[in-house]
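Structure first, then comments.
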2 protein chains.
Amino acid sequence: MKVLNRKSEILKVAKDLITEKGYNAVSMRDLAKALDIKAASLYNHIANKQEILSTIILEIAEAFTVGMTQIFNEETTSINKLQDLIGLHIDISINNSGAMAMMHNDWKHLEADELIRFVTLRNAYENNFRTIIKQGINQGEIINKNPEVIVFSMLSTLQTMYLWYEKRGKMDVNILKTDMVSVLLDGIRT
Amino acid sequence: MKVLNRKSEILKVAKDLITEKGYNAVSMRDLAKALDIKAASLYNHIANKQEILSTIILEIAEAFTVGMTQIFNEETTSINKLQDLIGLHIDISINNSGAMAMMHNDWKHLEADELIRFVTLRNAYENNFRTIIKQGINQGEIINKNPEVIVFSMLSTLQTMYLWYEKRGKMDVNILKTDMVSVLLDGIRT
DNA sequence: GTCTATAGTGCGATAGAC
DNA sequence: GTCTATCGCACTATAGAC
């Protein structure tokens, strides 16, 4: 286990607290108390409260972008790409449930450039997802239903998986992947 | 169009503001300004800020409970019950997207009795949902996959539908129901 | 790198006049 | 039913000592 520097340590504790209570409900005093220091001391490591939010959310958003880019460019069927995307979401959600919660709940408290960057990344991600579905329909691999409904249904399940995985005692990752692929993809396969 | 009394009017405006910014990010001064009165005047109509939250969230939670109870006791197949539940979610989500957002994002800011009541209702709802799925599996109507994965996948889609319906220019409700039933149920039917 | 002290702001809520 | 005025408190953030 690597020793964290002070800033990483602060971000880690902040992630846990904000996941539990929400961004606006966690004060710098709360955060400092959890680290056993005074609030003022935090400002030696971070510029302000916003920096905590944007660092955590953009880091996870960029991890999804990297994963998506790779999968999008694979030379394989759309169904295989969707299967890989399910795996990507499961892997990231399991290891970063705090950051997933913040991305889900608190992105709207981002400001200025960080907000724009986040929304841009998220839109690009959704567009790639939609393109994969449409290609699958055109290739006859995926049933010819409204692609928006398919995209929405899959994404909403994948995006809230972190909630559910936490709640019910962490099942085996490989079983989770198998069952999730089956439930999400069997219904749209031709 | 019925004329709203002052309290209903306050709750309606609060719903919109809180949906946009989150419960903690909307102050009583913000709310008052949106109504063109002073913050102090709000307290002639509501006891405190918490009352806004609990009134809106519990009202919608109870609407789901009523709908579920009725569907749960229908004498029909599990697949038909699920189909009716999808319709219930669509009908409520479309007419109450603000309240849906608050129930989704801000329930954790409920306090004491109201929090307990909400969690109780939500658990009962999920248990009924799970029971319907399990009965369907036992009757051979639904594929024999992990029922938790099926429940989670369907519920996460239904619970976040309000987000997506708002975002993309409100498609025809009947088409939405047909396609949603097909995408969510074709994959789990035997 | 952490501390004390504090500036400056905004919050929820109340009292009491009209 | 709305107002002005205000209380008491919590917040983010900074200055400067150690």
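First the proteins, then the strands, lettered A, B, ... as listed; each starts at 1. Predicted model only: the values in this text are computed from it and were never measured.
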So, does A:S41 get its side chain near the phosphate of C:dC3, meaning an N or O under 4.0 Å from OP1 or OP2?
yes
On the nucleotide C:dG10, are OP1 or OP2 found under 4.0 Å from the side-chain N or O atoms that B:S27 carries?
no
In whole angstroms, how far is the [atom2] atom of [N] from the [atom1] atom of [X]?
{"X": "B:Y23", "N": "C:dG12", "atom1": "OH", "atom2": "C1'", "result": "10 Å"}
{"X": "A:H45", "N": "D:dA13", "atom1": "NE2", "atom2": "C1'", "result": "15 Å"}
{"X": "B:I46", "N": "D:dG1", "atom1": "CD1", "atom2": "P", "result": "14 Å"}
{"X": "B:R29", "N": "D:dT4", "atom1": "CZ", "atom2": "C1'", "result": "13 Å"}
{"X": "B:M28", "N": "D:dC9", "atom1": "CE", "atom2": "P", "result": "20 Å"}
{"X": "B:E51", "N": "C:dG12", "atom1": "CD", "atom2": "C1'", "result": "14 Å"}
{"X": "A:N48", "N": "C:dT9", "atom1": "CG", "atom2": "P", "result": "18 Å"}
{"X": "B:L31", "N": "C:dC11", "atom1": "CG", "atom2": "P", "result": "12 Å"}

Do the ring centers of A:Y125 and A:H89 come within less than 6.0 Å of each other?
yes
Would you indicate whether the side-chain heavy atoms of B:S153 and B:I150 approach each other to under 4.5 Å?
no
State, with a plain yes or no, whether a side-chain heavy atom of B:E111 is found less than 4.5 Å away from one of B:L53.
no
To the nearest 0.5 Å, what is the distance between CE (B:M100) and CD1 (B:I56)?
13.5 Å
Of all heavy-atom pairs linking A:I137 and A:I143, the shortest is CG1-O, 3.6 Å
Per the under-4.0 Å heavy-atom filter, residues of residues 32-40 of chain A near DNA chain C come out as A:I37, A:K38, A:A40
Between A:N123 and A:T120, is there a side-chain donor-acceptor contact under 3.5 Å, judged purely by atom types and distance?
no
